[in-house]
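See structure below.
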Amino acid sequence: EGDEDLLASEDTLEENDKTRRSLAGFDALPEEDKLEIEKQEEALEADKTGGPAQAQKDSGGDKSGAPKAETRVGKKLSDMTTRRVIILVLVMLFCMPQFTPSSNGIDEFLQSAQYGADAVYDKWRTYCGVNASATFPWCLQSLDATSDSDSQKRQVNRAWFERALLNFIYQHHRGVDFAWQLFWVGVNSTVLVDRDASMGVPLVDRLDIAQDYLSDLMELNQERFVGPYEFPESEWDLRFTGPGGWDMTVLPLSGAAKARITQPWLERCSSFVGVSIQPEVAALQVTGCSTHSELRCSERELTAPVRLSPSEELDFNMLFTFDIRGTTTLEAGLSMLQTIFICFAVGLGAMSFSKDANELLLNPIERMIAKMETIKDNPLEAMRLGDLEYRREEVEQARWKEKLAQMGRCMRLFYKYKYMKKVKEPMETVMLEKTIIKLGGLLALGFGEAGAEIVGRFTYGSGSTSVNICAPGVKIDAVFGFCTIRNFEHATQVLGERVMIFVNQVGEIVHGCADDYHGAPNKNIGDSFMIVWRLTGLPPERQTKLSDMAVMAFVKILAEINKSRVLASWRKHPGLLQRVPGFQVQMGFGLHVGWAIEGAIGSEYKIDASYLSPNVHVAHRLEMATRSYNVWMLISDVMMTHCSIELAALCRLIDHVTVKGSRQPIRLHTLDLDVHALDVVYKVPDSIIRNRFKIRQLREVRKNDKWND
């Protein structure tokens with residue numbers, strides 16, 4: 001019997017294929033096009049069945065008991081992750097130096113060299129600054145000592161300048177723990193070079209003249225400059241060396257360095273003239289530059305005063321060159337250790353990543369597949385999955401807080417640290433899981449309760465991606481309700497694009513109240529909303545209760561649209577008031593009960609889950625008749641028989657008519673409601689819940705409570 005069913009199904013598929021080809025004009029195509037189409041169909045069929053690998057498996061290529069090979073996804077994941085980790089480490093090695101202050105020209109703290117250079121220049125400014133009546137420093141005008149009233153003051157200032165310079169040299173030239181060592185000291189003067197430019201002297205000659213002048217000017221302990229305030233060379237070491245309290249240990253200055261700074265400064269580096277401080281260093285020539293010959297660019301650091309004006313920089317400037325070879329050597333060693341450590345970390349990470357991949361990626365993917373299977377069978381389960389996920393997070397958080405409360409303070413801190421270091425699922429996998437739940441929720445919202453069962457029937461046990469909508473529907477009994485926004489044509493013309501906001505604000509109230517009273521929104525047709533209360537499968541007392549809820553849902557909707565502060569804002573719209581004086585949001589409601597066929601309507605391009613029945617049209621006709629009777633709600637007598645006696649006693653009979661779509665005359669009832677007795681509620685609730693899962697849980701509690709009212 002199974003083989004006969006299989007042959008029958010294959011014959012049916014062949015007939016469907018022939019029918020499809022005949023409808024598409026396949027027989028009228030040329031032979032080349034037919035062959036091409038058949039090849040494409042064979043390729044698609046091979047992809048569906050697994051291709052050659054599936055054929056090998058079917059032929060017995062997969063031996064029983066053999067270990068399963070690693071999946072291609074796992075191999076790809078391991079290889080790509082290893083490569084990306086290595087690339088990430090290399091990128092960090094190249095990019096991390098760019099985030100240091102020295103790489104961007106900004107130091108967090110003022111260094112000793114910079115501070116000292118500014119202090120030395122302050123002493124020079126006091127000695128040979130530009131006064132208000134002169135435009136050229138006096139010391140750059142002549143090397144001859146002058147005997148005037150300021151000569152003693154100048155000698156004192158010169159002595160203080162030389163002591164400041166010696167203090168700077170001693171504090172930086174060499175010490176026990178010095179990272180940088182002062183290598184060279186130099187000065188220049190741009191105005192001195194440009195002084196003879198108007199006389200036509202060549203630049204090279206002017207530069208030599210200026211450097212010769214500065215060479216004689218910077219010689220220390222000259223009697224013509226310091227007079228009786230000379231600081232003897234024999235007292236330098238006693239004054240500037242030694243522990244010095246909290247200072248670092250400073251070594252004495254070498255005799256060669258003392259001889260250089262107490263003689264004319266001869267080394268010329270670019271536009272600067274200076275002298276080397278280190279004893280073992282000497283220029284290749286008498287006027288050469290030891291800085292360029294002894295130090296590479298990466299081994300020297302230049303420091304100049306910064307607290308000086310542009311004019312002072314042109315008058316006289318100083319430059320201090322530091323030997324930083326000790327620092328560069330240390331940095332090179334640390335860089336080698338850093339590279340070794342990174343290689344070790346990358347190797348260890350590559351070996352342990354397979355375990356992390358299973359815990360962080362493969363297991364979450366399996367959970368996602370399980371969720372997809374659940375949503376495929378029943379899209380409404382997406383709502384339950386979201387609630388379960390939220391409840392699981394709440395339970396874990398509550399257990400964690402309870403466990404912490406029972407611990408001591410020290411153990412609590414340790415446990416918090418341990419909990420924070422615990423391996424978590426990557427954020428991407430959590431986002432994917434929640435996205436699947438959201439997509440399932442959107443699917444449930446888009447199709448509704450009726451569409452959920454249709455989707456389940458289409459996807460259950462099917463290995464094909466095609467959707468066959470030519471399937472019979474299901475007959476059910478239900479309460480059908482229609483509610484329509486009145487004066488909607490004026491709102492559409494006046495509001496334009498904002499009419500969507502208006503409709504959605506009304507729809508939020510309609511759908512929310514209907515769901516609270518166990519209704520299922522089915523259709524949104526512009527200004528109309530269709531709500532269904534399914535009665536099939538319920539006992540009689542439950543059907544009566546659900547019918548009462550349908551009436552009360554419409555009463556609640558009518559009350560909420562008149563109390564809503566959001567919808568009340570449309571009452572002040574000038575365009576709506578011009579079209580409809582005294583405008584406010586109004587709706588009409590129609591309720592009827594009966595049978596209907598539930599199923600999918602449409603084509604392979606678009607389908608909708610809907611209900612087909614004359615009873616649906618009767619409910620729609622009742623809503624349309626509310627305008628004629630000037631009432632808010634019309635209820636059929638069939639609906640009244642399903643309601644409880646207490647609710648039916650509150651309704652009033654207003655007419656006995658034959659409605660289009662119904663063969664028998666029906667009595668029309670209404671529920672007298674005074675909406676003008678309701679005031680708009682402008683007060684905002686004290687606490688607003690933002691979490692939709694928690695809102696849904698609270699709503700389920702309210703819905704369950706309504707069965708017990």
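The figures here come from the full heavy-atom set of this structure, side chains too, leaving out hydrogens, waters and symmetry mates.
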Working note: W124 + V187, criterion side-chain contact (heavy atoms from CB on, under 4.5 Å); need CA distance, chi angles, decisive distance, verdict.
CA-CA 12 Å; W124 171 265; V187 297; over 6 Å; no
Measure the shortest side-chain to side-chain distance between [X] and [Y] over non-hydrogen atoms and say whether it is less than 4.5 angstrom.
{"X": "H573", "Y": "V494", "value": "yes"}
{"X": "L217", "Y": "W265", "value": "no"}
{"X": "W570", "Y": "R498", "value": "yes"}
{"X": "D122", "Y": "R125", "value": "yes"}
{"X": "L253", "Y": "I277", "value": "yes"}

N/O donor-acceptor pair under 3.5 Å between [X] side chain and [Y] backbone:
{"X": "N167", "Y": "R163", "value": "no"}
{"X": "E301", "Y": "T321", "value": "no"}
{"X": "R195", "Y": "R206", "value": "no"}
{"X": "H172", "Y": "I169", "value": "no"}
{"X": "S276", "Y": "W184", "value": "no"}
{"X": "Y213", "Y": "S142", "value": "yes"}
{"X": "T329", "Y": "R325", "value": "yes"}
{"X": "E313", "Y": "V306", "value": "no"}
{"X": "E267", "Y": "S290", "value": "yes"}
{"X": "E235", "Y": "P232", "value": "no"}

Could you give the distance from [atom1] ([X]) to [atom2] ([Y]), rounded to the nearest 0.5 Å?
{"X": "E299", "Y": "D323", "atom1": "CD", "atom2": "CG", "answer": "7.0 Å"}
{"X": "L220", "Y": "E230", "atom1": "CG", "atom2": "CD", "answer": "10.5 Å"}
{"X": "R158", "Y": "R154", "atom1": "CZ", "atom2": "CZ", "answer": "13.0 Å"}
{"X": "Q222", "Y": "T262", "atom1": "CD", "atom2": "OG1", "answer": "10.0 Å"}
{"X": "N188", "Y": "C269", "atom1": "CG", "atom2": "SG", "answer": "11.5 Å"}
{"X": "I501", "Y": "N504", "atom1": "CD1", "atom2": "CG", "answer": "8.0 Å"}

Return the minimal non-hydrogen interatomic distance between [X] and [Y], and the atom names on each side.
{"X": "L140", "Y": "S189", "result": "CD1-OG, 3.5 Å"}
{"X": "L319", "Y": "F272", "result": "CB-CE2, 3.7 Å"}
{"X": "F161", "Y": "M218", "result": "CZ-CE, 3.8 Å"}
{"X": "N317", "Y": "Y121", "result": "CA-CE1, 4.3 Å"}
{"X": "V193", "Y": "A210", "result": "CG2-CB, 3.6 Å"}
{"X": "R224", "Y": "L143", "result": "NH1-O, 3.4 Å"}

May I ask you to establish whether R300 and F183 are in a cation-pi arrangement, using a distance under 6.0 Å from NZ or CZ to the six-membered ring centre and at most 45° from the ring axis?
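No; the conditions do not both hold, so R300 does not lie above the ring face of F183.
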Step by step, would you call C128 with F316 a side-chain contact (heavy atoms from CB on, under 4.5 Å)?
CA-CA 9 Å; C128 187; F316 185 83; over 6 Å; no
Sub-6.0 Å ring centroid separation between W160 and F231:
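That pair fails the under 6.0 Å test.
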Which is it for F168 and F320 under the ring-ring contact (aromatic ring centres under 6.0 Å, His included) test, yes or no, and what are the steps along the way?
CA-CA 10 Å; F168 182 88; F320 303 92; 4.4 Å; yes
Assess the residue pair L166 and I261 against the criterion (side-chain contact (heavy atoms from CB on, under 4.5 Å)); give the C-alpha distance rounded to whole Å, side-chain angles, the decisive distance to 0.1 Å, and a yes or no.
CA-CA 10 Å; L166 287 173; I261 61 178; 3.7 Å; yes
Evaluate V275 against Q263 for side-chain contact (heavy atoms from CB on, under 4.5 Å), listing each step before the verdict.
CA-CA 9 Å; V275 62; Q263 295 177 2; over 6 Å; no
Residues two or more places apart in sequence or in another chain: which of them pass salt bridge (Lys or Arg N to Asp or Glu O under 4.0 Å) with D212?
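With sequence neighbours excluded, D212 shows a salt bridge (Lys or Arg N to Asp or Glu O under 4.0 Å) to R268, given in chain and number order.
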Within the supplied structure, the quantity of interest is the number of heavy atoms (other residues, nucleotides, ligands) at a distance under 6.0 Å from K258 NZ; does it exceed 12?
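Yes, NZ of K258 has more than 12 neighbouring heavy atoms, counting only those of other groups under 6.0 Å.
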Look at atom CG of L203 and say whether more than 12 heavy atoms of other residues, nucleotides or ligands are closer to it than 6.0 Å.
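Buried by this count: over 12 neighbours within 6.0 Å.
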